[in-house]
Amino acid sequence: MQTFLDAIRAAIAAETGLEDPKLGRPRDPRHGDSAFPCFEYAKGKGEPPPKVAAELETALNARLEGITAKAAGPFLNFTVDRARLGETILGEIAAGGACYGTSREGEGRTIVIDFSSPNIAKPMSVGHLRSTVIGASIQRLHEALGYRTVGINHIGDWGSQFGKLVAAVDRYGDTVDLEGDPIPSLLALYVRYHEEEESDPGLVEEAREAFRELESGVDGPVRQTWRKLTELSLVEFQKIYDRLGVSFDLVRGEAFYEPHLASAVDRVVDAGVTEESEGALVVDLSGFGKIPPCLLRKTDGTTLYATRDLAAVFHRQEEFAFDRCLYVVGADQRLHFRQLKHVLDRMGLDWEPKVEHVDFGMMRLPEGKMSTRKGRVVFLDDVLNDAVAEAARVIAEKNPDLVDPGAVAEMVGVGAVVFNDLKRERVKDIDFRLEEVLSFEGDTGPYVQYTHARLASIERKAGEIEAAPDWEVLEGAAPILVSMGRFGEVVRSAAARAEPSEVTTYVLSLAREVNSWVARERVLGQEPGVTAARLALARGARQVIGNALTLLGVGAPTEM
RNA sequence: GCGCCCGUAGCUCAGCUGGAUAGAGCGUUCGCCUCCGGAGCGAAAGGUCACAGGUUCGAAUCCUGUCGGGCGUACCA
């Protein structure tokens with residue numbers, strides 16, 4: 001498709017002298033495959049747009065081969081010859097296979113992606129799902145463009161809350177089954193400690209002391225307890241990552257950067273942008289608008305979230321010399337990342353623009369914001385289990401003879417959950433509704449998976465076709481071909497904007513077009529040339545849908 | 001209070017760097033061939049694109065203000 005568009009652009013450029021003529025898509029695909037609105041160009045010439053469009057029509061038809069230009073009022077529509085369109089695009093897809101849609105434009109460039117990043121000792125909720133699946137998809141999108149990618153799971157394993165947790169384990173640890181059921185046990189201890197703090201101020205000091213010892217670097221009992229908590233939590237997290245098909249290049253908790261904290265602070269101090277304020281070390285950011293200063297060191301000498309993130313970003317820049325460094329973190333932390341970038345800016349670091357906060361909207365419950373401590377959470381594991389159970393139920397009802405229904409149910413159930421989370425634009429808040437996640441009809445992952453399975457089924461039944469495809473018969477499927485031809489552009493744009501939802505909306509729309517076509521035109525049992533052409537389309541569509549699902553981290557079953 | 005984000009059909013959302021009659025899904029109503037998978041397909045109904053100004057040949061899209069909602073707002077992360 002790109003070659004056609006390039007040819008059209010080149011012809012327009014040659015004819016009009018425009019540097020980079022902007023092509024659009026006609027509202028109605030019957031108008032053409034691509035369109036050039038003539039308003040602006042006509043204005044420059046001081047002539048009415050319809051007249052200019054008509055003149056261009058003649059001129060461009062003389063220049064273009066295999067593409068027809070047609071003026072429609074102020075618009076100039078382009079239609080690629082039908083036979084050529086099918087042969088070219090389906091040929092590209094067949095040649096590309098699993099690589100169709102990828103490119104090498106990112107080669108030699110490095111992108112670091114910080115995502116998932118759960119806090120140890122807390123169960124993963126549906127809230128953590130967002131960072132995990134969005135980040136994983138962004139990583140795959142960049143891999144598809146040839147970037148060197150470094151996915152980092154920045155585990156929340158540091159901070160004063162862990163002083164509290166260690167103190168809680170010390171006090172009440174033997175009242176729960178830590179080894180057997182670590183996360184709920186730790187959560188219970190934490191909540192209990194938090195409550196008893198209210199009436200016993202001694203506990204506050206005890207927790208503070210524990211964190212101080214932790215941060216002092218002494219390898220004593222406190223650190224040993226902390227290490228154990230971390231290990232237990234990571235084992236639990238891994239189970240979920242396995243189900244989601246997510247992996248990381250590096251799992252580095254905040255603690256990893258602990259040895260670099262002092263030098264990070266020094267670096268900011270040496271840049272001359274720090275000052276003492278109310279006993280704390282801060283970077284004033286009033287030059288960037290009404291935003292509070294960035295705190296680097298508390299009055300008691302311990303560090304903060306911002307300090308550790310600063311140390312981390314310095315470290316990453318030195319280690320990877322990244323071209324992009326993304327933080328897939330919720331929108332509630334916008335201020336934090338603005339502050340972080342402003343500090344880099346004040347330090348005069350020219351790579352500051354490469355650091356981006358890829359924010360996403362909050363997952364909310366009908367009762368309000370999720371809060372682990374208040375018991376207002378939906379556990380991710382439960383949702384995955386519910387979805388898989390629902391998938392198993394539907395399979396038992398609609399396809400009882402399916403081999404290995406368990407594996408397919410896992411693929412469909414988990415796919416439904418993941419797809420649902422990647423469906424809307426990142427910025428949008430989501431009100432969590434289980435019914436919606438468990439729905440498999442309409443704009444859902446299973447709908448796309450179903451389309452994929454159906455096409456695969458047609459392919460299986462068709463076997464090998466010898467005849468040469470009669471491309472002319474794909475006339476009615478031209479809009480689908482154009483859609484498939486756009487895939488590479490969708491991948492590029494989704495990666496650039498760090499917006500996986502672009503792929504979701506694309507693949508939903510493609511699946512819809514394809515389903516409609518399958519209902520309209522029969523593949524099997526036609527004249528050999530007709531079947532061959534339609535089979536090529538089915539095959540191409542399955543390939544593109546499969547490639548898109550892979551980028552999203554959703555399985556593409558051939559039967560379901 | 002201040003800052004950031006969001007506001008399109010009853011509900012959930014698309015709408016590309018401004019361009020042709022604002023599109024889907026869910027829900028509602030009606031229909032689908034003894035034929036490739038009905039997790040499907042087709043059709044109907046449903047919209048002052050929150051509101052008011054402005055820029056423009058042209059605004060759901062850009063700018064300003066108002067209203068509504070979300071999030072954040074110096075020693076939590």
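Every chain is numbered from 1 and lettered A, B, ... according to where its sequence line falls, protein lines coming before strand lines. Remember, predicted model here, so these are calculated numbers, not experimental data. Note that these values count all heavy atoms, side chains included, but never hydrogens, waters or copies made by symmetry.
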- Note on the structure: Among the nucleotides B:A77, B:G40, B:U12, whichever has the atom closest to the side chain of A:E436 is B:U12
- Message: I need the CD-P distance between A:E197 and B:C76, as an integer number of Å.
- Response: 12 Å
- Query: According to the Watson-Crick and G-U wobble definitions, with both distances under 3.5 Å, which nucleotide is paired to B:G37?
  - Reply: none
- Query: Does a donor on one side chain sit under 3.5 Å from an acceptor on the other, for A:T79 and A:D33?
  - Reply: no
- Distance-only donor-acceptor test (3.5 Å): side chain A:D332, base B:A77: no
- Query: Do the side-chain N or O atoms of A:K428 get closer than 4.0 angstrom to the phosphate oxygens (OP1, OP2) of B:A14?
  - Reply: yes
- Find the distance A:N515:CG to B:C32:P and express it as a whole number of Å. 20 Å
- Query: Is the distance from OP1 or OP2 of B:G18 to the nearest side-chain N or O of A:K22 less than 4.0 Å?
  - Reply: no
- Query: Looking only at atom C1', what distance separates B:G42 and B:A50, rounded to whole Å?
  - Reply: 34 Å
- Task: Find the partner of B:A50: check Watson-Crick (N1-N3 plus N6-O4 or O6-N4) and G-U wobble (N1-O2, O6-N3) distances, both under 3.5 Å, and reply none if neither fits.
- Result: B:U66
- Query: Where the side chain of A:S116 meets the backbone of A:S131, is there a donor-acceptor pair that is under 3.5 Å apart?
  - Reply: no
- Residue A:S277, side-chain heavy atoms: nucleotide from B:A74, B:A20, B:A39 that is nearest: B:A74
- Task: Decide, applying a 5.5 Å centre-distance limit and a 30° plane-angle limit (both strict), whether A:H31 stacks on B:A20.
- Result: yes
- Provide, to the nearest angstrom, the distance between the OH atom belonging to A:Y506 and the P atom belonging to B:C13. 24 Å
- Query: Which nucleotide, B:G70, B:A39, B:A77, lies nearest any side-chain atom of A:D429?
  - Reply: B:G70
- Item | Whole-angstrom distance between B:C13 and B:G7, as gauged at atom P | 10 Å
- Task: Give none if B:A22 has no partner; otherwise give the nucleotide forming a Watson-Crick or G-U wobble pair with it, both distances under 3.5 Å.
- Result: none
- B:A9 and B:G72: how far apart are their P atoms, nearest whole angstrom? 27 Å
- Return the value, rounded to whole Å, for the distance between atom CZ of A:R520 and atom P of B:G38. 16 Å
- Note on the structure: From the candidates B:A20, B:G37, B:A77, the one with an atom nearest any side-chain atom of A:N77 is B:A20
- Query: What does B:U56 pair with, Watson-Crick or G-U, if both distances are under 3.5 Å?
  - Reply: none
- How far does the P atom of B:A45 sit from the matching atom of B:A22, given to the nearest Å? 15 Å
- Query: Got A:S501 and A:T504 here, is their nearest side-chain heavy-atom distance under 4.5 Å?
  - Reply: yes
- Presence of A:K290 side-chain N/O under 4.0 Å of B:G3 phosphate oxygens OP1/OP2: no
- Counting only distance, no hydrogens or angles, is the base of B:A24 paired donor-acceptor with the side chain of A:S509 under 3.5 Å? no
- Message: Partner lookup for B:U17, please. Criteria are Watson-Crick or G-U wobble with both distances under 3.5 angstrom; report none if nothing qualifies.
- Response: none
- B:C6 and B:U17: how far apart are their P atoms, nearest whole angstrom? 14 Å
- Query: What's the closest nucleotide to the A:A453 side chain, out of B:A74, B:C41, B:G37?
  - Reply: B:G37
- Message: Looking at every non-hydrogen atom in both residues, tell me the closest pair between A:Y327 and A:H357 and how far apart they are.
- Response: O-CD2, 3.4 Å
- Ignoring backbone atoms, test whether A:R27 places a side-chain nitrogen or oxygen under 4.0 Å from the OP1 or OP2 oxygen of B:A22. no
- Quick one: closest heavy-atom pair of A:S125 and A:M370, and the distance? OG-SD, 4.1 Å
- Query: So, A:F39 and B:G19: ring centres less than 5.5 Å apart, planes less than 30° off, yes or no?
  - Reply: yes
- Note on the structure: Among B:C57, B:C16, B:G38, the one nearest any side-chain atom of A:R25 is B:C16
- Pairing nucleotide - B:G3, Watson-Crick or G-U, each distance under 3.5 Å: B:C71
- Query: Are the ring of A:F75 and the six-membered base ring of B:A20 within the stacking cut-offs of under 5.5 Å and under 30°?
  - Reply: yes
- Is any side-chain N or O of A:R334 closer than 4.0 Å to OP1 or OP2 of B:G72? no
- Task: May I have the distance from A:Y41 (atom OH) to B:G19 (atom P), rounded to whole angstrom?
- Result: 22 Å
- Message: Give me the distance, rounded to whole Å, that separates B:A24 from B:C41 when you measure between the P atoms they each carry.
- Response: 13 Å
- Item | Minimum-distance pair of heavy atoms, taken over all atoms of A:A387 and A:V417 | CB-CG2, 3.6 Å
- Query: Is the closest side-chain heavy-atom distance between A:V273 and A:D284 below 4.5 Å?
  - Reply: no
- Query: Looking at the side chain of A:V518, which of B:A74, B:U12, B:C36 is the nearest nucleotide?
  - Reply: B:C36
- May I have the distance from A:E258 (atom CD) to B:A77 (atom P), rounded to whole angstrom? 14 Å
- For B:A43, what is the paired nucleotide under Watson-Crick or G-U wobble rules, both distances under 3.5 Å? B:U29
- OP1 or OP2 of B:A14 under 4.0 Å from side-chain N/O of A:T505: no
- Message: Is the phosphate of B:A39 approached by A:T444 (side-chain N or O, under 4.0 Å from OP1 or OP2)?
- Response: no
- Do A:D443 and A:K423 meet the salt-bridge criterion of a basic N to acidic O distance under 4.0 Å? no
- Task: Using whole Å, report how far CZ of A:R424 lies from C1' of B:C11.
- Result: 12 Å
- Does A:K369 have a side-chain nitrogen or oxygen under 4.0 Å from the phosphate oxygens OP1 or OP2 of B:G72? yes
- Side-chain contact test, heavy atoms from C-beta onward, threshold under 4.5 Å: evaluate it for A:R512 versus A:Y447 and give yes or no. yes
- Query: Rounded to the nearest Å, what distance is computed from the CD atom of residue A:E499 to the P atom of nucleotide B:U17?
  - Reply: 12 Å
- Task: May I ask you to evaluate whether A:R454 reaches the phosphate of B:G38, defined as a side-chain N or O under 4.0 Å from OP1 or OP2?
- Result: yes
- Query: Distance check: side-chain N/O of A:Y447 vs OP1/OP2 of B:C41, anything under 4.0 Å?
  - Reply: yes
- Message: Need to verify one output field. Residue with the more 5' nearest nucleotide on RNA chain B, A:L335 or A:D443?
- Response: A:D443
- Message: Using the C1' atom as the point on both nucleotides, what is the distance between B:C26 and B:U21, in whole Å?
- Response: 25 Å
- P spacing across the pair B:A59 / B:C49, given as an integer number of angstrom: 12 Å
